[in-house]
Amino acid sequence: MTNLPSSPLTVDEAVARVLDSARPDAIGSEQVGVEAAIARVLAEPCHARWPLPSAPLSIMDGYAVRSRDLLEARDVHDAETLAVELQSEHESAAGHPSTAALEPGTCVRIATGAVVPAGADAVVPQEDTRRIELGARVLIELSSTALAQVEPGRWIRPTGSDVAKGELLLGPGAAIGGGEASLLAGTGHAAVAVRRRPIVAILSSGDELVAIGQTPARGQIVSTNAMLLGAQIREAGGEPLALETVPDTRAAMRAAIERASESADLLVTSGGISVGDHDLVLPVLDELGFELSFRKLALRPGRPTTFGHLPRAGGQPLPVLALPGNPASTLVAFELLARPLVRALSGLARHRWQRPRRLVELASPAEGDRRREHFVRATIDAHGRARPLAKQLSGALRSIADFDALVRVPAGRDRVDAGEELEALILRE
Ligand SMILES: Nc1nc2c(c(=O)[nH]1)N[C@H]1C(S)=C(S)[C@@H](COP(=O)(O)OP(=O)(O)OC[C@H]3O[C@@H](n4cnc5c(N)ncnc54)[C@H](O)[C@@H]3O)O[C@H]1N2
Ligand code: MOO
């Protein structure tokens, strides 16, 4: 049987315990196409298979030149402008490099992104030139600006200047977004090894719950927590596994937990974790050999939040976070405890497990709690100030809709006045 600790843990202590127990290495990886890797976590180091750019490329539309010619005219002969012959048959366009080497005293037309031909070592932008037609010949007159600015390498991206061949692109734990996928794909990775998404089983329980779409009878409510948790799990990078809503019977609860234990990397339950006669989550977990880590937190909303591990024959123990059923308690306790755990299990680098926190000024007062830290749901206005929602009861659906931040009112403060600054977790910008 589970022993109750004398004083509840603080949120920070509880988060540390949850994260210390995380075993990300128990979750494997899979090979996916690079586009499918977006929003996933890289599992292995990736090195560039070729340099970028793979040849010297022009940064400007203009003319590829030999800088020696221009520097000689400028520095030796004091020329203010210089006309060079255009090799009009050897244009270098993007995807169509010129194959001819540039002769002294000549230039070729070059487009942005096109390969600089052999012999050329600088580009002169088109706007610093004038085209002169002399019968069949075309001369390009390079202006005084062009002469003043020219130097070897001017307006050219050298081979490997973006990425060298073999360079480490990204390491294990990197979060892959569009930019990272572009870097990988552009250097030869059409497929990459990503971490498997942790499977998070969701179990909601309660005889009062009816399915979404049904009209609840008196005393019944629509079961919304599984959907809420599904959204939070996906946002955290996990894969939700929704178990059916179970009635308040030991047999049904036990069967659902055993099913979760077969395939999940984490089990999150909502409801049935308080001290009522019908609160069966902990008794059933105990029947199954639950190893308790903590049973209660100095957290509002979310006081009865419970965490521990269920042994599994021949495998890693299953971490179980039992969240209170009140919707705000479910949301806040998931955000504070389960989200960092899902991110840890997903293989993300440690500094990305928790949300960044920042100080916000209150635009209106926030209510506190004598014994518990209060995570107040608040909107953030255009000036970055936090305005707590009017309703903060943990059972109020109004208290979890249309807010931007969780503002942290320390335990022991009854009220914090407008104008004061508090730490906040920004959930949406
Ligand atoms: N004597 C005590 N009573 C309570 C205590 C206490 O310390 N001593 N703690 C209170 C606190 S704080 C909370 S929070 C709740 C938590 O209770 P449970 O986790 O056991 O949750 P339930 O009783 O099952 O449900 C609470 C509330 O949430 C609604 N609910 C449940 N599941 C869902 C769902 N899937 N979708 C939407 N809403 C759900 C449920 O209908 C209840 O209204 O305990 C206090 N009591
Ligand atoms: O902790 Mo309960 O979650 O306040 O209502």
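Numbers here are sequence positions counted from 1. Whatever order the structure lists ligands and atoms in, that order sets their numbers, starting from 1.
Of all atoms in ligand 2, numbered sequentially from 1 with element shown, those under 4.0 Å from a heavy atom of Ser329 are 2 (Mo), 3 (O), 5 (O). Under a 4.0 Å criterion applied to the non-hydrogen atoms of Pro324, ligand 1 contributes the atoms 14 (S), 16 (C), 19 (O). For ligand 2 and Asn326, the ligand atoms under 4.0 Å from any heavy atom of the residue are 5 (O). Atoms of ligand 1 lying under 4.0 Å from any heavy atom of Val275, numbered from 1 in the order shown and given with element: 1 (N), 2 (C), 8 (N). Every atom of ligand 1 with a heavy atom of Gly272 under 4.0 Å away is listed here by number and element: 18 (P), 19 (O), 20 (O), 21 (O), 22 (P), 24 (O).
Around CZ of Arg154, the count of heavy atoms belonging to other residues, nucleotides or ligands within 6.0 Å exceeds 12. More than 12 heavy atoms of other residues, nucleotides or ligands lie within 6.0 Å of CZ in Arg254, so this atom counts as buried by the packing criterion. Taking a 6.0 Å sphere around CD of Glu258, one finds it holds more than 12 heavy atoms contributed by other residues, nucleotides or ligands. Counting heavy atoms of neighbouring residues, nucleotides and ligands inside a 6.0 Å radius, atom CZ of Arg370 does not exceed 12 of them. Applying the 6.0 Å contact sphere to CZ of Arg371 captures no more than 12 heavy atoms from other residues, nucleotides or ligands.
Using a cut-off of 4.0 Å between Lys/Arg side-chain N and Asp/Glu carboxylate O, Arg408 and Asp12 are scored as salt-bridged. The pair Arg355-Glu235 meets the salt-bridge criterion, with a side-chain N (NZ, NE, NH1 or NH2) lying under 4.0 Å from an Asp/Glu carboxylate O. Between Arg377 and Glu335, none of the side-chain N atoms (NZ, or NE/NH1/NH2) sits under 4.0 Å from a carboxylate O, so this pair counts as no salt bridge.
For ligand 1, the polar-atom distance check against Arg372 finds no nitrogen or oxygen pair separated by under 3.5 Å. At under 3.5 Å, not a single nitrogen or oxygen of Leu209, backbone or side chain, sits near a nitrogen or oxygen of ligand 1. Looking at ligand 2, you won't find any N or O of Pro301 less than 3.5 Å from one of its N or O atoms. In terms of polar-atom proximity, Glu208 is counted as a contact of ligand 1, with an N or O under 3.5 Å from an N or O of the ligand. In terms of N/O distances under 3.5 Å, ligand 1 is not approached by Ser329. Between Asp279 and ligand 1, a contact under 3.5 Å exists for at least one N or O pair. Any N or O atom pair closer than 3.5 Å counts here, and Arg303 shares at least one such pair with ligand 2.
In this structure, Leu229 CG and Ile202 CD1 are separated by 5.5 Å, a value rounded to the nearest 0.5 Å. Summarising the geometry, atom CZ belonging to Arg415 is positioned 14.0 Å from atom NE2 belonging to His374; distances are rounded to the nearest 0.5 Å. Going from atom CZ of Arg343 over to atom CG of Leu19 covers 11.5 Å, rounded to the nearest 0.5 Å.
The proximity of Ser223 to ligand 1, defined as any non-hydrogen pair under 4.0 Å, involves the side chain as well as the backbone. With a 4.0 Å heavy-atom cut-off, ligand 1 is reached by the backbone of Ile273 and by its side chain too.
With distances taken over non-hydrogen atoms, the option nearest atom 28 (O) of ligand 1 out of Gly325, Gly206, Gly302, Gly219 is Gly325. Nearest-heavy-atom check against atom 44 (O) of ligand 1 across Ser205, Pro304, Gly271, Ser274 picks out Ser274. Residue nearest to atom 2 (Mo) of ligand 2, selected from Gly302, Pro324, Ser274: Gly302 (by heavy-atom distance).
Ranking the protein heavy atoms by distance from atom 4 (O) of ligand 2 puts Arg372 NH1, 3.2 Å first. Nearest protein neighbour of atom 36 (N) of ligand 1, counting heavy atoms only, is Thr224 N, 3.0 Å. What sits closest to atom 43 (O) of ligand 1 on the protein, heavy atoms only, is Asn326 OD1, 4.1 Å. From the protein, the heavy atom lying nearest to atom 7 (O) of ligand 1 is Arg303 NH2, 3.6 Å. Scanning the protein heavy atoms around atom 5 (O) of ligand 2, the nearest turns out to be Ser394 OG, 2.3 Å.
Results of the side-chain hydrogen bond (donor to acceptor under 3.5 Å, both in side chains) test with Asp265 over Gln316, Arg196, Arg197 single out Arg196 as the only residue that passes. Applying the side-chain contact (heavy atoms from CB on, under 4.5 Å) test between Ser205 and each of Val246, Thr269, Asp279 identifies Val246 as the sole match.
Contact analysis leaves Leu228 out of contact with ligand 1, as no non-hydrogen atom separation drops below 4.0 angstrom.
Using a 4.5 Å heavy-atom threshold, the side chains of His278 and Glu208 count as separate.
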